[in-house]
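These notes concern the structure reproduced below.
All values derive from a computational prediction rather than experimental measurement. Atoms within a ligand are numbered from 1 in the order they appear, just like the ligands themselves.
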Amino acid sequence: MSEGKRVGVVGAGMGGIAAAALMQRAGFDVVLYDQAPSFMRLGAGIQFGPNVMKILRRLDLEAPLEAVSCLPDYWTSRNWDDGAILANIPLNAERERYKAAYITIHRGDLQQTMLNAVDPARVQFGKQLTRFEDNGKTVRLDFADGTSDTVDILVAADGINSRIREQIFGLDAAVYTGWVAHRAIIPGAAAKAVGADVNAKWWSADRHIVCYYLDRNEDEFYLVTGEPDEWTSASGQLPSTREALRKSFEGYHPMVQAYIDATTEVTKWPLKTRNPLPHWHQGRVVLLGDACHPMKPHMAQGAAMAVEDAAVLTRCLAELGTQDLERSFRTYFACRKDRATKVQRISNANTWLRQPEDPFWCYGDDVYQMDLRAVEATV
Ligand SMILES: Cc1cc2nc3c(=O)[nH]c(=O)nc-3n(C[C@H](O)[C@H](O)[C@H](O)COP(=O)(O)OP(=O)(O)OC[C@H]3O[C@@H](n4cnc5c(N)ncnc54)[C@H](O)[C@@H]3O)c2cc1C
């Protein structure tokens with residue numbers, strides 16, 4: 001392996017996995033580290049648009065993901081009490097236009113499938129990064145278990161509470177937005193019995209509930225909300241109850257009540273964000289995903305942005321090279337900052353697809369069409 005090609009990716013979320021897999025395919029010697037003792041299957045759903053599927057195609061993940069996920073033709077926005085349709089936005093109904101599918105899937109299935117694209121010999125769980133030291137030539141990584149490693153480039157994909165971001169920019173707690181998300185999975189049959197939409201968001205003035213199937217057979221149906229609430233716990237999630245959901249969505253349409261009636265296990269998550277950072281790298285260390293631009297999840301694009309970051313970063317390192325790392329990192333930031341900030345702003349405002357609009361600028365994007373050399377000339 002030639003000099004400058006050893007990459008440590010810290011964080012095996014969607015962004016880190018994508019970075020590790022794409023960089024391995026581009027010829028880098030990558031190790032993916034995560035603090036979790038082993039792969040954790042989070043009980044939640046996720047939506048991935050065509051903008052991400054075009055990237056996952058490069059990892060041969062498109063077919064396996066489509067085989068297990070649900071492919072909604074439309075996104076439907078509904079009024080909270082009478083169910084009136086506010087917007088019906090074509091997704092897979094316009095697949096040819098987007099040039100890839102829009103999928104909804106269980107997070108665990110997505111993450112495990114993506115992890116299959118990384119060389120298993122180069123994945124290390126139980127590795128909590130405590131600090132790094134960049135001496136200008138290499139980066140030393142120190143882990144909580146007392147071990148250390150040395151790489152040429154460190155990729156921070158360690159999420160909203162990024163230790164690496166903290167070491168570069170200083171301690172700065174993520175901002176609680178005043179909103180929580182309840183999450184629950186119910187049997188698909190319970191949703192079908194009341195004529196559920198394949199993928200819908202029910203909106204009232206200050207809250208919403210998003211509902212979609214998680215799998216090709218429509219065996220599981222996922223509920224995720226956005227609601228104002230207090231959050232005082234230091235924990236990233238808490239158990240909640242069906243009663244709490246009932247109270248929060250009192251007066252909502254009978255179909256929503258039927259979904260809530262079918263819940264058993266309900267969890268509650270704080271929604272946090274951060275102000276945009278002035279840069280995403282320092283020396284031989286570079287950030288991606290929630291480590292540098294976390295957002296409220298109301299565009300369902302947070303993980304998508306992390307994967308897009310991973311793809312553009314890989315392109316910058318592979319196509320522009322690692323000799324002038326500063327220039328490659330600056331090009332990466334220049335390629336990504338406007339789009340990530342725009343998505344973060346719209347997501348935080350929670351306006352996306354409430355009314356009829358054309359989401360092509362987001363879903364139609366293909367990071368492989370970007371002219372890197374043209375962007376590089378501007379940095
Ligand atoms: C309710 C909700 C719904 C959402 N829905 C969607 C959706 O439908 N579509 C979408 O695209 N996005 C969605 N998102 C956003 C998405 O979950 C995040 O943006 C995404 O997970 C960020 O990915 P990441 O790889 O940057 O970080 P993360 O997924 O947070 O991964 C970070 C990883 O780093 C590890 N780590 C952290 N610190 C250390 C350390 N010191 N050492 C080693 N490892 C460490 C963690 O264990 C973790 O595995 C949603 C978010 C929420 C809250």
Side-chain angles (χ1 to χ4, degrees), residues 8-20 31-40 42-49 51-53 55 69 75 102-107 110-111 114-115 123-132 141-145 149 154-167 174 177 179-184 199 201 208-210 212 214 222-227 236-237 267-274 280 287-310 340 343-344 347 352 362-363:
V9 178
V10 174
M14 250 62 92
I17 295 174
V31 181
L32 175 62
Y33 310 91
D34 201 284
Q35 64 188 0
S38 60
F39 173 71
M40 311 285 258
L42 178 67
I46 189 161
Q47 319 205 15
F48 258 9
N51 50 321
V52 198
M53 295 304 281
I55 298 170
S69 60
W75 160 281
Y102 190 109
I103 67 165
T104 61
I105 187 167
H106 195 293
R107 266 180 189 254
L110 174 64
Q111 209 160 345
M114 285 180 66
L115 204 50
V123 181
Q124 296 189 16
F125 284 105
K127 292 286 175 190
Q128 181 181 39
L129 186 87
T130 51
R131 63 184 299 280
F132 67 85
L141 315 181
D142 289 330
F143 298 100
D145 63 1
D149 229 336
L154 169 59
V155 178
D158 50 346
I160 187 164
N161 297 313
S162 169
R163 175 74 195 95
I164 300 169
R165 190 211 63 255
E166 188 181 304
Q167 194 176 323
T177 61
W179 279 48
V180 298
H182 272 106
R183 284 166 152 165
N199 186 4
K201 182 167 178 176
H208 62 255
I209 180 162
V210 178
Y212 53 85
L214 294 181
Y222 177 58
L223 314 178
V224 56
T225 75
E227 318 150 41
Q237 64 160 303
T267 53
K268 189 161 114 169
W269 304 66
L271 300 184
K272 297 185 177 179
T273 186
R274 286 182 188 280
W280 293 353
L287 283 70
L288 63 76
D290 275 14
C292 49
H293 49 67
M295 59 189 84
K296 282 171 90 187
H298 308 321
M299 267 181 81
Q301 281 285 324
M305 289 303 108
V307 174
E308 285 190 7
D309 289 347
V343 170
Q344 193 183 31
S347 233
W352 184 241
C362 182
Y363 304 151

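For atom 42 (N) of ligand 1, the nearest non-hydrogen atom from the set Ile17, Val52, Leu129 comes from Leu129.
The shortest N or O to N or O distance between Arg163 and ligand 1 is not below 3.5 Å.
Taking 4.0 Å as the cut-off between side-chain N and carboxylate O, Lys127 and Asp145 count as a salt-bridged pair. Remark: Arg163 does not engage Asp158 in a salt bridge, criterion side-chain N to carboxylate O under 4.0 Å.
Using modelled atom types and a 3.5 Å distance limit, the side chains of Gln301 and Asn51 yield a donor-acceptor pair.
Contact annotation for Ser162 and ligand 1: no heavy atom of the residue comes within less than 4.0 Å of the ligand. At a 4.0 Å heavy-atom cut-off, ligand 1 does not touch Met295 at all. When heavy-atom distances to ligand 1 are checked against a 4.0 Å cut-off, Met14 comes that close only through its backbone atoms N, CA, C and O. When non-hydrogen atoms are compared, ligand 1 lies under 4.0 Å from the backbone of Lys127 (N, CA, C, O) but not from its side chain. The backbone and the side chain of Ile46 each have at least one atom closer than 4.0 Å to an atom of ligand 1 (non-hydrogen atoms only). Only the side chain of Arg107 comes within contact range of ligand 1, with a heavy atom under 4.0 Å; no backbone atom does.
When only non-hydrogen protein atoms are considered, atom 31 (O) of ligand 1 lies nearest to Gly13 CA, 3.4 Å. Atom 35 (C) of ligand 1 has Asp34 OD2, 3.2 Å as its closest protein atom, hydrogens excluded (heavy atom only).
Contacts of Lys268 classified as side chain to side chain donor-acceptor pair (under 3.5 Å), with partners at least two apart in sequence or in another chain: Asp229.
Aromatic pair Phe39/Phe125: centroids not less than 6.0 angstrom apart.
Contact annotation: Arg183 has at least one heavy atom less than 4.0 Å from an atom of ligand 1.
Judged by the 6.0 Å distance and 45° axis criteria, Lys201 is not positioned over the aromatic ring of Trp75.
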